[in-house]
Amino acid sequence: MMRNRGTLSSIDGYLQLLETCIESKSLKQGKIIHQSLLKFSGEDFNSHSLVLDKLTRLYISCKRPQLAHRVFDKIAQPERKNKTILWNQMIRAYAWDGPFEKAVDLYDEMVDSGIKPTKYTYPFVLKACSAMHDVETGVKIHGHVKRHNLDNDVYVCTALVNFYVKCGCLEEAREVFDEMLERDVVAWNAMVSGYSLNGMYWDAIGLVLEMQRRGLEPNSSTVAAILPVIGEASMLKEGKSFHSFCLRRGFDRDVVVGTGLLDMYGKCGLLVYARRIFSSLAFKNEVTWSAVVGACVTCNSMGESFELLGKMRKEVGGSPSPVMLATVVRGCAKLNDLNMGRQLHCYMIKLGFSFDFMVCNTLVSMYAKCGSRNDAIRFFEEMQAKDSVSYSAIISGCVQNGYAEEALQLFHKMQLAGVEPELATMMGFLPACSYLAALQHGVCGHGYSIVRGFTADISICNALIDMYNKCGKMDAARHVFNRMHEKDVVSWNAMIVGYGIHGLGKEAILLFQDMQNGGYEPDEITFIALLSACSHSGLVTEGKHLFSVMSQEFNIAPKMDHYFCTVDLLGRAGLLDEAHKLITTMPFEPDAHLWNVLLAACRIHNNIELAEEVSEKIQTLGPASPGNFVLLYNLYTIAQRWHDAANIRIQQKELGFEKKPGCSWIEVNGIFHGFVGGDCSHQESSKIYKKLEELMAEMKRLGYAAESQFVYHDVDEEEKEKILLYHSEKLAVAYGIISLKPDKPIMVTKNLRVCGDCHTALKYITIIAKREITVRDTSRFHHFKNGTCSCGEFW
DNA sequence: ATAGGGTTAG
């Protein structure tokens with residue numbers, strides 16, 4: 001009889017066979033045995049607890065927790081009660097390989113069936129909780145630990161510290177750590193890596209010092225845990241002292257420590273040291289190779305990173321890891337090498353990495369940083385799964401390329417898709433609001449940031465300050481600024497810029513005083529902000545003083561941008577010769593851009609002789625931007641040299657310096673209405689033009705004459721008047737007047753500088769329409785009120 | 001131990 005084969009006497013044989021499979025982790029053989037048991041053994045055998053126990057262990061050891069679970073469930077209830085160890089092993093299996101929620105389910109089942117968890121149970125459930133970031137369940141389990149008086153066990157408490165650390169609850173972790181009766185090196189390491197993972201370098205280092213003071217020796221794990229933060233904070237001095245500590249203990253030969261050391265040196269910018277450690281390591285693994293490639297990318301040695309990629313394939317064989325490729329792609333982004341980026345993209349597809357979140361997100365970012373918004377969008381849309389990083393990458397990518405409105409739409413899509421915006425998402429969203437002057441969206445973003453606790457972050461507050469400043473809400477910006485618990489140089493700069501673009505130069509300088517009194521060191525950007533603030537307010541003496549002070553007292557050598565601002569300041573004030581002299585006596589060669597600033601000043605003060613001299617310089621240098629062409633063109637048209645003007649236009653086209661079309665927009669109830677010159681595409685276009693004509697008639701009655709010098713075409717006066725009337729900023733203002741309630745101020749944003757004729761016209765319009773109008777152009781705010789503008793003609 | 005998204009100026 002077949003059933004005879006399944007007698008109890010043959011069980012031992014099966015059990016032994018299973019045991020060898022468990023030891024050798026041989027899934028294939030194990031499955032064969034399992035199947036033959038099913039086929040030939042019949043019921044008795046199949047429910048034999050020893051067999052089921054072994055089978056469960058087999059699948060656990062082969063990392064098949066779900067298969068194991070199925071067998072485990074067959075063990076009869078009374079038997080299962082005595083198998084605490086097996087329960088623990090099942091939970092551990094899920095905690096390692098997932099699905100993590102199953103680990104928690106099993107734990108609950110265990111507790112419900114009256115089995116007391118042991119100190120070996122808790123660490124695994126907690127591990128599963130931290131993998132899911134399930135703080136609530138973890139805290140519940142912490143309660144169970146206390147109830148079972150296991151809160152004096154090193155093993156369990158270390159697991160609790162680890163759990164809290166991974167969930168970002170540093171205070172809770174520290175509390176558990178502090179209450180531990182005895183602490184071994186592993187416990188200390190858990191706390192150290194907690195501070196390290198959360199970027200709290202001083203706490204991490206302090207803890208290592210304290211552990212040494214208490215007579216405990218840091219081991220290689222301690223060092224490996226602390227090196228990443230040291231690198232992140234570029235604390236070279238501390239890094240070197242840990243390095244020498246490693247040399248004394250011989251830890252440097254350890255791959256993990258060695259990799260950590262080379263990574264740390266790379267992040268500190270010392271590629272020479274990183275290379276040296278890399279070549280000294282006898283054993284290098286995948287991570288080591290990725291780390292050294294990363295060090296090259298960080299230190300701008302791109303060629304070397306590509307070489308290393310090839311070298312690794314030759315020396316180690318096999319294909320590079322996703323991490324390594326993502327790192328090289330990051331290098332392409334840094335180099336702006338779209339071609340190489342595309343090639344790597346193909347390579348990644350070939351290797352089958354196109355399902356990896358990290359890899360795909362790097363590609364989105366690379367395309368965006370290389371200025372190819374189309375590729376970025378296309379690739380982003382094609383991704384089957386998108387996480388918050390994908391959205392963050394595409395949102396900032398759009399903003400970086402000037403597609404701020406699209407960025408807002410993507411932010412909206414993100415929420416519809418149920419993906420929660422993270423801090424870094426807001427770092428793309430808020431600048432998009434700044435760009436668009438999208439106050440209503442910006443305020444929502446502020447609210448959301450408060451709710452999520454992001455406003456504790458300096459960078460978020462800086463982005464908020466900038467957003468409010470660019471939306472014309474200086475009070476709100478200052479409020480955020482004042483309430484920050486900690487500021488950095490960016491905070492001060494953002495606020496100084498705010499005063500500058502609002503024409504409040506004196507306030508900008510006062511804030512600079514406060515900054516110094518507060519013990520903050522200004523940087524290059526601080527002075528760019530200050531100088532441009534002076535230029536917007538006509539503060540010539542103050543600006544000149546700041547320019548000399550920056551190198552003499554603050555040891556910051558003026559760069560092109562500082563000359564740019566100072567020439568602008570002098571030029572606008574009519575000090576053309578002084579501006580000219582500054583350019584010719586500066587310690588490096590001026591570029592076309594800088595001459596262009598002087599040219600613009602010549603145009604303001606109608607100095608044709610100097611302008612011609614300057615334009616010659618620009619022509620020999622080769623115009624560097626569409627702006628150069630525009631100014632030259634304008635200059636010739638003022639001089640009515642139509643032939644020269646036409647030549648400039650032709651040259652501009654041939655060289656591919658197309659001028660950006662002027663475009664203005666206005667936010668009405670959170671919706672943007674954009675206009676280009678002569679735009680008839682708006683739904684209410686006819687109403688807008690009717691309003692403009694009405695205003696025009698009234699303006700003329702008050703003495704307005706179209707300033708036709710702002711039309712640089714050889715056309716007759718009437719035609720010029722029309723071209724001017726339909727400038728985008730006028731269209732947007734007219735739409736504001738007809739769509740916003742009379743008591744609401746009108747705010748229009750323009751992507752170029754506001755035109756001179758429009759500037760005059762808007763003064764009249766404030767009188768006629770009895771409304772306040774604000775225009776933000778690329779360089780500053782213009783607040784029009786009762787026939788005047790806040791800019792005082794400095795723009 | 002390596003790895004994806006980020007603020008200010010021109």
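Proteins get letters first, then strands, A, B, ... in listed order; numbering begins at 1 in each. No experiment lies behind these values; they were computed from the predicted model shown.
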Please tell me which of the listed nucleotides, [options], lies nearest to the side chain of [X]?
X	options	answer
A:V256	B:dT7, B:dG10, B:dA1	B:dA1
A:P431	B:dT7, B:dT2, B:dG5	B:dT7
A:I528	B:dA9, B:dT2, B:dA3	B:dA9
A:L423	B:dG6, B:dA9, B:dT7	B:dG6
A:D561	B:dA1, B:dG4, B:dG10	B:dG10
A:A393	B:dG5, B:dT2, B:dT7	B:dG5
A:V389	B:dG6, B:dT2, B:dG4	B:dG4
A:T425	B:dA9, B:dT7, B:dG5	B:dG5
A:T259	B:dG5, B:dG10, B:dA1	B:dA1
A:V323	B:dA3, B:dA1, B:dA9	B:dA3

Counting just side-chain N and O atoms, does [X] come under 4.0 Å of either OP1 or OP2 of [N]?
X	N	value
A:K267	B:dA3	yes
A:K386	B:dG4	no
A:T526	B:dT8	no
A:T327	B:dA3	no
A:Q400	B:dG5	no

Please name all residues satisfying side-chain hydrogen bond (donor to acceptor under 3.5 Å, both in side chains) with A:R478, sequence neighbours left out, ordered by chain then number.
->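 Only A:N482, A:Y499 meet the side-chain hydrogen bond (donor to acceptor under 3.5 Å, both in side chains) criterion with A:R478.
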Figure out the [atom1]/[atom2] separation between [X] and [N], and round it to whole Å.
X	N	atom1	atom2	result
A:D466	B:dG10	CG	P	11 Å
A:L569	B:dG10	CG	C1'	15 Å
A:H536	B:dG10	NE2	P	6 Å
A:D263	B:dT2	CG	P	5 Å
A:Y265	B:dT2	OH	P	16 Å
A:Y499	B:dA9	OH	P	16 Å
A:N462	B:dT7	CG	C1'	5 Å
A:F527	B:dA9	CZ	P	17 Å

Which word best sums up how the rings of A:H593 and A:F564 line up, parallel for under 30°, tilted for 30 to 60°, or perpendicular for over 60°?
-> parallel
Using the six-membered ring wherever Trp is involved, compare the ring planes of A:F781 and A:H502 and label them parallel, tilted or perpendicular (cut-offs 30° and 60°).
-> parallel
Aromatic contact between [X] and [Y], with the criterion being ring centroids under 6.0 Å apart: yes or no?
X	Y	value
A:H479	A:Y468	no
A:F512	A:W492	no
A:Y273	A:H243	no

When we call it a touch if two heavy atoms are under 4.0 Å apart, what does [X] touch: a base, just sugar-phosphate, or nothing?
X	result
A:A326	nothing
A:P322	nothing
A:D457	base

On the ring face of A:Y391, is A:K413 found with NZ or CZ under 6.0 Å from the centre and within 45° of the axis?
-> no
Does A:Y435 have A:K470 sitting over its ring (NZ/CZ under 6.0 Å from centre, angle to axis within 45°)?
-> no
Is it true that A:E420 and A:R452 have a side-chain N and a carboxylate O under 4.0 angstrom from each other?
-> yes
Please list, by residue number, the residues of residues 360-370 of chain A whose heavy atoms come closer than 4.0 Å to an atom of DNA chain B; answer none if no residue qualifies.
->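 Nucleic-acid contacts, sorted: A:N361, A:T362, A:S365, A:K369.
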